[in-house]
Amino acid sequence: MSTREIRIATRKSALALWQAEYVKARLEQAHPGLIVSLVPMVSRGDKLLDAPLAKIGGKGLFVKELETALLDNEADIAVHSMKDVPMDFPEGLGLYCICEREDPRDAFVSNTFDSLDALPAGSIVGTSSLRRQAQLLARRPDLEIRFLRGNVNTRLAKLDAGEYDAIILAAAGLIRLGFEARITSSIGIDDSLPAGGQGAVGIECRSADREIHALLAPLDHADTADRVKAERAMNKRLNGGCQVPIACYAVLEGDDLWLRGLVGQPSGGTLLMADARAPRAEAERLGVRVAEALLAQGAEAILKDVYGEAGHP
Ligand SMILES: NCc1[nH]cc(CCC(=O)O)c1CC(=O)O
């Protein structure tokens, strides 16, 4: 029996729907005649919009409902922003495709100032990412970080309402939603190391669905997949995700991966950094190596403080 229809589980946010539509279009293009439908659902992370992610149970907040739909056979694949995907999957599910990465950088968005450096002392910057906060304050301890969550449209509306002098968002989300013109300036990788997986879309499905795996194969982008594999291996070793002050970013140099990693105090007082290179076939070992270099510098104590405040492991 051959698969004729694929049902995509997706969150209902504009960005999630964009990503699901993107996967649908690419599947239809690769497999003429295949019927692809969307199964939109609300995740816990979408319901609890006014709490800091780190305080409401952290990892997996955006993917659990989608995974349940896969396990209950209400959908066949789930499309995720890779930076929101936990390191481990429920029994019977796995990640079978990583699509080509969009711009991985963080973006500075302001209606008044041209760049981070142009912000006067005391300016109010909106972000709820401890990773962005730590790196921002390390460079500009004179800025005031103010809580900002919600989907991309909500965050831009809050900036436009005058609640912040500037906000920081992932460039990828802005570009995908057609808001590229709102990017005042892109922040260099060195100044704001991204979250593992930032800018990449991944597809999760049932491990036993061989036919689905084969249908997804044309969408897989090997370069992105190896880079993200190294980043996720580092996060996994540090037990981290996108809700903790951990950053990492891998690039290819020929057939070698160069992985940079960072763990920071949310205050910006301490930023630990490490990097290493390895053949791309050893992506996972590379991730573990950089994580261990960070642990050797004391990353565990910093992360323990953060988890302690957040009240989860
Ligand atoms: N944590 C929310 C989230 N998950 C993925 C993106 C952006 C797109 C991406 O990184 O693929 C965002 C928004 C943001 O950080 O600005």
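Remember, it's a predicted structure, so these values are computed and weren't measured experimentally. Remember, it's 1-based here, ligands and their atoms both numbered in the order they're listed.
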Could you list the donor-acceptor pairs under 3.5 angstrom formed between side-chain atoms of residues 167-175 and any protein atom two or more places apart in sequence or on another chain?
none

Show which side-chain atoms of residues 28-41 pair as donor or acceptor with protein atoms under 3.5 Å away, not counting sequence neighbours.
from : atom 1 : to   : atom 2 : distance (Å)
E28  : OE2    : K24  : NZ     : 2.9
H31  : NE2    : L215 : O      : 2.7
S37  : OG     : E5   : OE2    : 3.2

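L15 counts as a contact of ligand 1, since one of its heavy atoms falls under 4.0 Å from the ligand. Heavy-atom distances between R132 and ligand 1 reach below 4.0 Å in at least one pair. Residue-ligand proximity: R176 is placed with a non-hydrogen atom under 4.0 Å from ligand 1.
Less than 4.0 angstrom separates some heavy atom of S81 from each of these atoms of ligand 1: 4 (N), 5 (C), 11 (O). The G199 neighbourhood of ligand 1 comprises atoms 9 (C), 10 (O), 11 (O), with distances under 4.0 Å to a heavy atom of that residue. Every atom of ligand 1 is numbered from 1 in the order shown, and the set under 4.0 Å from a heavy atom of G173 is 8 (C). Counting the atoms of ligand 1 from 1 in the order shown, those under 4.0 Å from a heavy atom of L169 are 16 (O). Of all atoms in ligand 1, listed by their number and element, those nearer than 4.0 Å to a heavy atom of Q198 are 10 (O).
No hydrogens or angles considered: a donor-acceptor pair under 3.5 Å links the side chains of Y249 and R227. Looking only at atom types and distance, the side chain of Q265 has a donor-acceptor partner in the side chain of T270 under 3.5 Å away. Residues Q19 and T10 bring no donor and acceptor atom of their side chains to less than 3.5 Å of each other. Between the side chains of D106 and Q198, at least one donor N or O sits under 3.5 Å from an acceptor N or O.
On a distance-only criterion, Q19 and ligand 1 share no N/O pair closer than 3.5 Å.
Counted within 6.0 Å of CD on E180, heavy atoms from surrounding residues, nucleotides or ligands total 12 or fewer; the atom is thus considered open.
At a heavy-atom distance under 4.0 Å, atoms from both the backbone and the side chain of A170 approach ligand 1.
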